[in-house]
Amino acid sequence: MSQVRVRFAPSPTGFFHIGSARTALFNWLYARHTGGTFVLRIEDTDKERNREEFLNLIYDSLTWLGLNWDEGPQVGGAYGPYRQSERADIYREYLARLTAAGRTYEKDGAVWFKLLGERYEVFDDHRKKTVTKVRTPPSVIDDRIRGRVERVEDEDFVIFRSDGNPVFHFVNVVDDIAMRITHVIRGEDHLSNTSKHVELFKAFGAPVPQFAHIPLILKQDGPGKMSKRDKGALVEEYQRRGYLPEALVNFLCLLGWNPGDDREKLPIADVVRLFDLPGVNQSNARFDERKLAHMNMVYLLEQPADQFVALARRYFEAQHPAAPALRADAAYFRAVMLLCQPKIKGLEELPAYTAYLFTEDYPVDPKVKDKVLAKGDPRARLRELSDALAGIDFASDTAIEEGIKALATSRGLGFGDYQAVARLAVSGTNVGPSITGMFRVLGRDRVRQRLDRFLAA
RNA sequence: GUCCCCAUCGUCUAGCCCGGUCCAGGACACCACCCUUUCACGGUGAGAACCGGGGUUCGAAUCCCCGUGGGGACGCCA
């Protein structure tokens with residue numbers, strides 16, 4: 001087989017969303033699986049709607065996801081330029097070829113592509129007007145995911161607008177020819193465009209690439225496919241919320257594809273090895289943010305310590321630059337983050353989860369307070385604990401645990417009888433990491449100060 | 001309206017191509033219990049699906065047809 005060349009061809013007219021990310025991912029996977037080339041091409045022929053910031057967002061998002069391109073903007077390549085706005089000469093040249101072959105005509109100032117066949121008029125119910133149709137044989141699409149699909153393309157269509165700019169169908173096909181694209185992997189919403197494209201390939205006398213139409217991602221709730229405006233649809237949202245790109249990519253891989261067994265969390269190298277077009281599902285998939293969140297937690301849990309601390313710091317710096325955590329001593333920051341790593345489901349929980357570890361001015365949850373103080377004689381226990389702490393070894397969690405247990409036993413109580421009230425006093429809440437770890441990190445003096453201050457209040 | 005695609009637990013899916021091993025497996029979510037120092041994690045368990053109808057066949061989740069449902073397209077957007 002000749003070298004595989006695939007392309008991802010986004011248009012910078014809006015935020016980069018999950019559906020685009022998955023299309024890019026599947027193209028990238030196929031290129032990597034086959035040892036082929038992944039081309040990034042920017043389809044910016046609609047001058048009205050293109051915005052430079054969206055272009056940068058495409059680069060940033062792809063890079064963040066780890067989907068590096070072999071040819072395209074920023075990296076170059078033998079078939080550039082890779083922005084359609086810079087390829088006007090090429091389009092004019094291809095148009096001349098079509099015109100020379102008698103396959104175009106002008107109408108209303110636009111250039112139309114002429115289908116071959118007998119013409120007839122018919123009233124179109126949907127568009128409420130009479131249109132000219134052409135009797136043509138069906139275009140056959142040999143889709144690598146869907147099998148053989150036939151579709152009749154029976155109307156001429158515009159390839160150059162009256163403003164002189166080419167339209168999507170034309171530039172898409174011309175660039176696929178010019179860039180030697182062998183496999184067109186794109187969303188199923190393009191399946192009905194494919195007959196237009198096939199007719200154009202044939203009119204150019206160019207080989208028709210293999211098509212692979214991947215299923216669509218449906219919005220989480222309500223009907224229809226996911227669009228940029230839907231909840232959880234934007235890639236940058238997950239980036240902002242501190243999701244790990246590996247987790248998002250892993251999750252996206254599983255939307256419409258699977259390794260053929262029960263594995264869900266799998267390294268991208270394994271996916272690259274196993275991925276193939278016939279293995280892609282044919283039915284649309286609904287996006288489930290909760291499963292994505294779970295996948296993210298799994299990845300977060302197994303981050304090596306150094307890595308996790310670095311991720312946490314970067315998250316704070318990007319999203320909470322004013323957080324007291326960032327002003328803390330680096331070793332202390334590290335100790336706190338590692339204490340909380342096994343407890344959180346996502347980095348975005350970190351600021352709230354660790355807040356009281358970075359300030360003495362933390363709020364006390366009144367509901368928790370009422371609940372905890374209602375049991376036994378909590379104040380007496382805090383007093384006892386504070387006193388006992390003076391003589392307890394703070395070197396390790398187990399040492400602290402032994403100390404508190406010894407105290408509890410001497411009073412005929414359990415560890416829990418001290419834990420709840422101590423947690424309330426030290427953190428202001430009833431949620432958090434292990435109390436012994438919390439004590440160890442805070443240190444004897446700060447813990448005792450907090451206990452005493454709580455008692456005084 | 002026309003054309004195209006699709007159809008297994010609430011969700012993502014395995015099984016379907018090469019019919020029997022499936023009273024349908026896994027994961028997320030949910031519920032219960034266990035673990036436990038709170039909250040999580042984890043463990044165990046429960047409930048939960050082959051869209052309907054016709055065929056073909058000794059036998060169909062698996063093959064065929066028709067319905068129905070879902071999705072997409074029908075722009076001088078991409």
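Proteins get letters first, then strands, A, B, ... in listed order; numbering begins at 1 in each.
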> With a cut-off of 6.0 Å (strictly less than), are more than 12 heavy atoms of other residues, nucleotides or ligands near NZ of Lys369(A)?
Replying inline: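 No, because the 6.0 Å sphere around NZ of Lys369(A) holds 12 heavy atoms or fewer from other groups.
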> Counting heavy atoms not belonging to Lys371(A), are there more than 12 under 6.0 Å from its NZ?
Replying inline: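 Counting neighbours around NZ of Lys371(A), 12 or fewer heavy atoms of other residues, nucleotides or ligands fall under 6.0 Å, so no.
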Whole angstrom value for the distance that separates [atom2] of [N] from [atom1] of [X]:
X	N	atom1	atom2	value
Leu266(A)	A27(B)	CG	P	15 Å
Ile404(A)	U38(B)	CD1	P	13 Å
Gln220(A)	C12(B)	CD	C1'	12 Å
Asp417(A)	U38(B)	CG	P	12 Å
Met297(A)	C28(B)	CE	P	8 Å
Asn281(A)	A27(B)	CG	P	19 Å
Lys405(A)	U37(B)	NZ	C1'	9 Å
Glu153(A)	U2(B)	CD	C1'	13 Å

> Considering only heavy atoms and no angle criterion, is a donor-acceptor pair shorter than 3.5 Å present between the side chain of Lys291(A) and the base of U13(B)?
Replying inline: no
> On a plain distance test, is the side chain of Thr436(A) in donor-acceptor contact with the base of U37(B) below 3.5 Å?
Replying inline: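 In this structure, the two groups form a donor-acceptor pair.
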Using the [atom1] atom on both, measure [N] against [M] and round to a whole Å.
N	M	atom1	value
A24(B)	C50(B)	P	10 Å
G25(B)	G45(B)	P	13 Å
A48(B)	A29(B)	C1'	11 Å
G59(B)	A14(B)	C1'	23 Å
C16(B)	A7(B)	P	14 Å
G20(B)	G15(B)	P	13 Å
G67(B)	G75(B)	C1'	33 Å
C51(B)	C6(B)	P	15 Å

Provide the Watson-Crick or G-U wobble partner of [N], both distances under 3.5 Å; none if there is no partner.
N	result
A73(B)	U2(B)
A7(B)	U68(B)
U38(B)	none
C18(B)	none

Reckon [X] touches a base, only the sugar-phosphate, or nothing at all at heavy-atom distances under 4.0 Å?
X	value
Asp46(A)	sugar-phosphate
Asp108(A)	base
His213(A)	nothing
Glu401(A)	base
Tyr353(A)	base
Ala110(A)	base
Gly187(A)	nothing
Glu264(A)	base
Ile435(A)	base

>> Listing request: all ring-ring contact (aromatic ring centres under 6.0 Å, His included) pairs with a residue in residues 127-164 of chain A, at least two apart in sequence or in separate chains.
In response: Phe113(A)-Phe157(A), Phe157(A)-His169(A), Phe160(A)-Phe170(A)
>> Does anything in residues 392-435 of chain A form a ring-ring contact (aromatic ring centres under 6.0 Å, His included)? List the pairs, not counting sequence neighbours.
In response: none
>> Which is it for C6(B), anti or syn, if anything within 90° of zero counts as syn?
In response: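 Nucleotide C6(B) adopts anti.
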>> Go nucleotide by nucleotide along RNA chain B from the 5' end; which of Leu292(A) and Val431(A) gets its closest nucleotide reached first?
In response: Leu292(A)
Among [options], which nucleotide sits nearest the side chain of [X]?
X	options	answer
Gln282(A)	U13(B), C6(B), G10(B)	C6(B)
Gln419(A)	U38(B), A27(B), A78(B)	U38(B)
Arg127(A)	C77(B), U37(B), C74(B)	C74(B)
Ala285(A)	U13(B), U37(B), A78(B)	U13(B)
His294(A)	U38(B), A78(B), A29(B)	A29(B)

> Any side-chain N or O of Ser434(A) under 4.0 Å from OP1/OP2 of U38(B)?
Replying inline: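 Indeed not, no polar side-chain atom of Ser434(A) lies that close.
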> Taking the six-membered ring for Trp, are His294(A) and Tyr299(A) ring centroids under 6.0 Å apart?
Replying inline: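 Centroid separation for His294(A) and Tyr299(A): 6.0 Å or greater.
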Between the side chain of [X] and the main-chain N/O of [Y], is any donor-acceptor distance below 3.5 Å?
X	Y	answer
Asp156(A)	Leu115(A)	yes
Ser396(A)	Ala399(A)	yes
Arg423(A)	Pro433(A)	yes

What nitrogen or oxygen pairs link the protein and nucleotides 68-73 of chain B at under 3.5 Å?
unit_1, atom_1, unit_2, atom_2, d
G71(B), OP1, Gly224(A), N, 3.1
G71(B), O2', Asn284(A), ND2, 2.8
G72(B), OP1, Lys225(A), N, 2.9
A73(B), OP1, Lys225(A), NZ, 3.3
A73(B), O4', Ser192(A), OG, 3.0
A73(B), O2', Ser192(A), OG, 3.1

> Cation over ring, Arg186(A) on Phe211(A), under 6.0 Å and within 45°?
Replying inline: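 Arg186(A) over Phe211(A) ring: no.
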> Is NZ or CZ of Lys343(A) both nearer than 6.0 Å to the six-membered ring centre of Tyr353(A) and within 45° of the ring axis?
Replying inline: no
>> Going by ring-ring contact (aromatic ring centres under 6.0 Å, His included), name the residues that satisfy it together with Phe26(A), two or more places apart in sequence or in a different chain.
In response: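 Per chain and number, Phe26(A) pairs via ring-ring contact (aromatic ring centres under 6.0 Å, His included) with Phe275(A).
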> Excluding sequence neighbours, so at least two apart, what forms ring-ring contact (aromatic ring centres under 6.0 Å, His included) with Tyr243(A)?
Replying inline: Tyr238(A)
> So does Lys367(A) pair up with Asp370(A), basic N to acidic O under 4.0 Å?
Replying inline: no
Sub-3.5 Å pairs of nitrogen or oxygen atoms, protein against nucleotides 21-25 of chain B:
none

